[in-house]
Colleague: 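One structure follows; several queries about it will come next.
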Amino acid sequence: MAKSLFLAAPLILQALPGAFAWGTLGHDTVAYIAQNFVTSATKTFCQNILADTSTSYLANVATWADTYRYTSEGSFSAPYHFIDAEDDPPSSCNVDYNRDCGSGGCVVSAIQNYTSRVVDTSLSTTEVQKALKWIVHFIGDIHQPLHDEALDIGGNTIDVTFDGTSTNLHHIWDTNMPEKLVGGYTLTDAKTWAKTLTTSIKTGAYSSQKSSWLSGINIDDPITTAMGWATDSNAYVCSTVLPDGVSAVSGQELDGSYYTTAVPVIELQIAKAGYRLAAWLNLIATGSTGLKVASKPRGAPMIEAVKVMPRDFEAEMSPAKLARMAYGHKC
């Protein structure tokens with residue numbers, strides 16, 4: 001990619017610190033966790049595509065998608081970072097692909113698209129590299145609960161205070177709370193956090209849960225798989241992000257009990273994202289997750305395949321989609 005495309009990006013991103021889902025710290029941590037669980041064949045597959053044999057080969061590209069979206073060439077990809085669930089938190093949380101994935105695409109359709117493109121031998125090396133970098137990023141994005149929510153544009157217009165700083169609800173989930181927990185946002189900070197979460201996955205608090213995180217994963221049906229992840233994340237909007245509604249957090253300082261309640265969910269979602277990313281990359285590269293996948297418990301409901309309905313591009317847009325259009329695609 002020519003350097004000229006990115007000359008303005010650092011200045012733009014400094015002005016938009018809340019644009020990164022999970023922030024730089026979260027995305028880098030997701031990538032490092034994935035590196036800890038991919039097979040050797042998958043590692044080689046990814047390193048060859050990225051032309052990077054360093055120990056940070058996925059982390060080095062984890063936030064590329066956020067840089068690229070603020071270039072003129074990459075602006076088309078802005079809607080791919082989220083799916084705006086038009087549900088009714090806190091009384092009801094749910095995601096519906098046909099209702100919520102806008103005409104310009106969404107994170108679910110993007111995961112499907114770039115999963116196919118990363119193995120498309122007719123594409124150039126540059127396009128295959130882009131596809132892999134988008135997969136790494138979007139699987140991180142879909143695990144941030146407010147990237148799966150339309151209310152107040154994913155919380156972007158809910159003003160709050162955190163540690164005395166005026167910001168918004170979306171931003172504190174992306175950045176403020178993870179960085180307060182870890183104490184920084186460098187690659188070293190992300191690697192240390194990833195090591196801690198990897199231990200929790202292998203032998204700690206998440207060891208008995210991890211196989212269930214992969215239940216229903218299917219490389220042949222990326223939309224249904226990604227919708228499962230989006231639905232999982234969206235549920236936390238009702239239980240943790242807005243359990244008492246917007247009025248309970250709007251204008252409030254949230255560095256106290258709210259932060260304490262949110263931290264376990266943040267850590268869980270980062271861990272899930274990294275583990276699921278590893279499994280997805282393993283499936284792409286080898287045809288197998290390389291990890292234990294939980295079988296469906298007896299009596300549990302079947303995971304129904306998403307039926308993608310024909311789009312009516314002339315249909316009247318919903319209030320949520322009109323609000324998103326007016327606000328822009330800043331997540």
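Along the sequence shown, residues are numbered consecutively beginning with 1. Since the structure is predicted, the reported quantities are computational estimates derived from the model, not experimental observations.
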Colleague: Scan side-chain atoms only and decide if S215 and S212 contain a donor-acceptor pair under the 3.5 Å cut-off.
Modeller: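 Distance-only check fails for S215 and S212.
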Colleague: Is there a donor-acceptor contact under 3.5 Å from the side chain of S77 to the main chain of Y80?
Modeller: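 Between the backbone of Y80 and the side chain of S77 there is no qualifying donor-acceptor contact (under 3.5 Å).
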Colleague: Using a distance-only test with no angle check, is there a side-chain donor-acceptor pair under 3.5 angstrom linking D88 and S91?
Modeller: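 On atom types as modelled, these side chains qualify, holding a pair under 3.5 Å.
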Colleague: Can T225 and N218 be counted as having a side-chain donor-acceptor contact under 3.5 angstrom?
Modeller: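 Judged by distance alone, the side chains do not pair up.
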Colleague: Can you find a side-chain donor-acceptor pair between Y68 and E73 that sits under 3.5 Å?
Modeller: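 There is such a pair between these side chains.
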Colleague: Taking the side chain as every heavy atom from C-beta outward, state whether N176 and Y259 have any atom pair closer than 4.5 Å.
Modeller: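 The answer is no, as the side chains (C-beta and beyond) never meet within the 4.5 Å cut-off.
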Colleague: For Y32 together with W193, are the ring centres under 6.0 Å from each other?
Modeller: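 Judged by ring-centre distance (under 6.0 Å), W193 and Y32 do not meet the cut-off.
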Colleague: Among residues two or more places apart or on two chains, list those pairs meeting disulfide (SG to SG under 2.5 Å) that have a residue in residues 158-195.
Modeller: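 Counting only pairs at least two positions apart or across chains, no disulfide (SG to SG under 2.5 Å) contact touches residues 158-195.
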Colleague: Just wondering, do P90 and P243 contact through their side chains at under 4.5 Å, heavy atoms?
Modeller: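 No, side chains not in contact.
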Colleague: Would you say K292 has more than 12 foreign heavy atoms packed within less than 6.0 Å of its NZ?
Modeller: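 Open: at most 12 neighbouring heavy atoms sit under 6.0 Å from NZ of K292.
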Colleague: Assess whether side-chain hydrogen bond (donor to acceptor under 3.5 Å, both in side chains) is satisfied between T42 and T39, documenting all intermediate values.
Modeller: CA-CA 5 Å; T42 302; T39 66; 2.9 Å; yes
Colleague: So which atom in A278 and which in A34 form the shortest heavy-atom distance, rounded to 0.1 Å?
Modeller: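 Shortest heavy-atom contact: CB-O, 3.6 Å.
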Colleague: Write down the atom of Q144, the atom of W22, and the distance for their closest heavy-atom approach.
Modeller: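 Smallest interatomic distance, heavy atoms only, reads CA-CZ2, 3.4 Å.
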Colleague: Regarding N113 and T115, is there a side-chain donor-to-acceptor distance under 3.5 Å anywhere?
Modeller: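 No.
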Colleague: For a side-chain hydrogen bond (donor to acceptor under 3.5 Å, both in side chains) check, start with the C-alpha distance between D152 and H170, then their side-chain angles and the critical distance, and finish with the verdict.
Modeller: CA-CA 10 Å; D152 287 293; H170 189 108; over 6 Å; no
Colleague: Just so I know, are the side chains of N168 and W173 near enough to count as touching, which here means a heavy-atom distance under 4.5 Å?
Modeller: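 In short, these two side chains do not touch, never coming nearer than 4.5 Å.
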Colleague: Would you confirm whether T157, through its side chain, and I153, through its main-chain N or O, come within 3.5 Å as a donor-acceptor pair?
Modeller: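 No, the answer is negative, given that no donor and acceptor are paired below the 3.5 Å cut-off.
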Colleague: With heavy-atom distances below 4.5 Å as the criterion, would you say the side chains of I270 and H143 are in contact?
Modeller: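 Heavy-atom side-chain distance check fails, nothing below 4.5 Å.
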Colleague: Identify the heavy atoms of I83 and A230 that sit nearest to each other, and give their distance.
Modeller: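 For I83 versus A230, the nearest heavy atoms are CG2-CB, 4.3 Å.
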Colleague: Please check if the side chain of S109 supplies one atom and the backbone of C106 the other of a donor-acceptor pair under 3.5 Å.
Modeller: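 Present.
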Colleague: Looking only at atom types and distance, does a side-chain atom of Q252 sit under 3.5 Å from a main-chain N or O of T161, one as donor and one as acceptor?
Modeller: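 Side chain of Q252 to backbone of T161, a donor-acceptor pair under 3.5 Å: no, none is there.
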Colleague: What residue among R99, R324, K321 forms salt bridge (charged side-chain N to carboxylate O under 4.0 Å, His left out) with D84?
Modeller: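 Of R99, R324, K321, salt bridge (charged side-chain N to carboxylate O under 4.0 Å, His left out) with D84 is met by R324 alone.
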Colleague: Compare every heavy atom of G140 with every heavy atom of A273, then report the nearest pair and how far apart it is.
Modeller: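 Smallest heavy-atom distance, with atoms named: CB-CA, 4.4 Å.
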Colleague: Would you say the rings of H147 and H81 are close, in the sense that their centroids are separated by under 6.0 Å?
Modeller: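 Ring-ring flag for H81/H147: false, centres at least 6.0 Å apart.
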Colleague: Return each pair, listed once, that meets disulfide (SG to SG under 2.5 Å) where at least one residue sits in residues 140-203; pairs must be two or more places apart or across chains.
Modeller: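 Listed once each, the pairs would be none.
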Colleague: Does T67 offer a backbone N or O that forms a donor-acceptor pair with the side chain of T71 under 3.5 Å?
Modeller: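 No; zero donor-acceptor contacts below 3.5 Å.
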Colleague: Answer yes if the side chains of T231 and N234 hold a donor-acceptor pair under 3.5 Å, and no otherwise.
Modeller: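 Absent: no donor and acceptor within the cut-off.
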Colleague: For L281 and C46, work out which heavy atoms get closest and say how close.
Modeller: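 That closest heavy-atom pairing would be CD1-SG, 4.2 Å.
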Colleague: To the nearest 0.5 Å, what is the distance between CG on L25 and CG on D174?
Modeller: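 Reported value, rounded in 0.5 Å steps: 11.5 Å.
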Colleague: Decide side-chain hydrogen bond (donor to acceptor under 3.5 Å, both in side chains) for E86 and S318; before the verdict, give the C-alpha distance in whole Å, the side-chain angles of both, and the deciding distance to 0.1 Å.
Modeller: CA-CA 9 Å; E86 297 185 32; S318 67; 2.8 Å; yes
Colleague: Less than 6.0 angstrom from the centroid, inside 45 degrees of the normal: does K130 satisfy that with respect to the ring of Y114?
Modeller: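 Here K130 fails the 6.0 Å and 45° test against Y114.
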Colleague: Is it true that the side chains of D52 and N60 contain a donor and an acceptor less than 3.5 Å apart?
Modeller: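 Side chains of D52 and N60: pair found under 3.5 Å.
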Colleague: Heavy atoms, side chains only, cut-off 4.5 Å: are K180 and F162 in contact?
Modeller: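 Contact flag for K180/F162 side chains = yes.
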Colleague: Examine distances only and state if a side-chain atom of T192 and a backbone atom of T188 form a donor-acceptor pair shorter than 3.5 Å.
Modeller: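 Yes; judged by distance alone, with no hydrogens or angles, the pair exists.
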Colleague: Walk me through it: do K43 and Y57 pass the test side-chain contact (heavy atoms from CB on, under 4.5 Å)?
Modeller: CA-CA 9 Å; K43 176 181 178 181; Y57 62 97; 3.4 Å; yes
Colleague: Between the side chains of D120 and R117, is the shortest nitrogen-to-carboxylate-oxygen separation below 4.0 Å, so that they form an ion pair?
Modeller: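 Salt bridge: no.
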Colleague: Carefully, step by step, assess D148 and S233 under the rule side-chain contact (heavy atoms from CB on, under 4.5 Å).
Modeller: CA-CA 7 Å; D148 307 287; S233 301; 3.3 Å; yes
Colleague: Donor-acceptor pair, Q35 side chain versus T55 backbone, under 3.5 Å?
Modeller: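 Yes, because the side chain of Q35 sits within donor-acceptor range (under 3.5 Å) of the backbone of T55.
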Colleague: Provide the closest heavy-atom pair for S207 versus G204 in the form atom of the first, atom of the second, distance.
Modeller: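 That would be OG-O, 2.9 Å.
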Colleague: Compute both the distance and the angle, then confirm whether K133 meets the cation-pi test with F138: under 6.0 Å from the six-membered ring centre, within 45 degrees of the axis.
Modeller: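 Not satisfied by the 6.0 Å and 45° rule.
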Colleague: When you group the ILVMFWY residues by side-chain heavy-atom contacts below 4.5 Å and let the links chain together, are V182 and L187 in the same group?
Modeller: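 They do not share one cluster, since no chain of ILVMFWY contacts under 4.5 Å joins L187 to V182.
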Colleague: Are the side chain of Q129 and the backbone of I49 linked by a donor-acceptor contact shorter than 3.5 Å?
Modeller: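 Flag set: sc Q129 to bb I49 pair under 3.5 Å.
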Colleague: Just checking W229 against W280, ring centres under 6.0 Å apart?
Modeller: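 Ring-ring flag for W229/W280: true, centres closer than 6.0 Å.
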Colleague: Are I33 and L277 side-chain neighbours, meaning at least one heavy-atom pair lies under 4.5 Å?
Modeller: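 The answer is no, as the side chains (C-beta and beyond) never meet within the 4.5 Å cut-off.
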Colleague: Please step through salt bridge (Lys or Arg N to Asp or Glu O under 4.0 Å) for the pair K191 and D28, ending with a clear verdict.
Modeller: CA-CA 8 Å; K191 199 167 191 177; D28 291 348; over 6 Å; no
Colleague: Report the distance from atom OG1 of T289 to atom CD1 of I219, rounding to the nearest 0.5 Å.
Modeller: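 With rounding to 0.5 Å, OG1 (T289) is 10.5 Å from CD1 (I219).
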Colleague: Might you work through the side-chain contact (heavy atoms from CB on, under 4.5 Å) test for T53 and N48, ending with a clear yes or no?
Modeller: CA-CA 8 Å; T53 58; N48 286 344; 5.9 Å; no
Colleague: How long is the span from the OH atom in Y97 to the CE atom in M227, to the nearest 0.5 Å?
Modeller: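 Taking OH in Y97 and CE in M227, the distance rounds to 9.0 Å.
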Colleague: Answer yes or no: is there a side-chain heavy-atom contact under 4.5 Å between T261 and V263?
Modeller: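 Answer no - side chains too far apart.
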Colleague: Within a 6.0 Å radius of atom OH on Y185, are there more than 12 heavy atoms belonging to other residues, nucleotides or ligands?
Modeller: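 At most 12 heavy atoms, drawn from other residues, nucleotides or ligands, come within 6.0 Å of this atom.
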Colleague: Can you check side-chain contact (heavy atoms from CB on, under 4.5 Å) on L197 and Y206, steps first, answer last?
Modeller: CA-CA 9 Å; L197 293 176; Y206 304 142; 4.2 Å; yes
Colleague: Donor-acceptor check, side chain of E253 to backbone of D163, threshold 3.5 angstrom: yes or no?
Modeller: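 Between the backbone of D163 and the side chain of E253 there is a qualifying donor-acceptor contact (under 3.5 Å).
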Colleague: Any side-chain heavy atom of V118 within less than 4.5 Å of one from I135?
Modeller: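 Yes, side chains in contact.
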Colleague: Does T186 reach the main-chain N or O of D189 with its side chain, forming a donor-acceptor pair under 3.5 Å?
Modeller: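 Answer holds: yes.
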Colleague: Can you tell me how far the NE2 atom of H137 sits from the CG atom of L132, to the nearest 0.5 Å?
Modeller: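 The distance works out to 13.5 Å.
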Colleague: Are side-chain N/O atoms of H27 and D141 paired as donor and acceptor at under 3.5 Å?
Modeller: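 On atom types as modelled, these side chains qualify, holding a pair under 3.5 Å.
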Colleague: Ignoring hydrogens and geometry beyond distance, is a side-chain donor-acceptor pair present between S288 and N282 at under 3.5 Å?
Modeller: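 No donor-acceptor contact under 3.5 Å links the two side chains.
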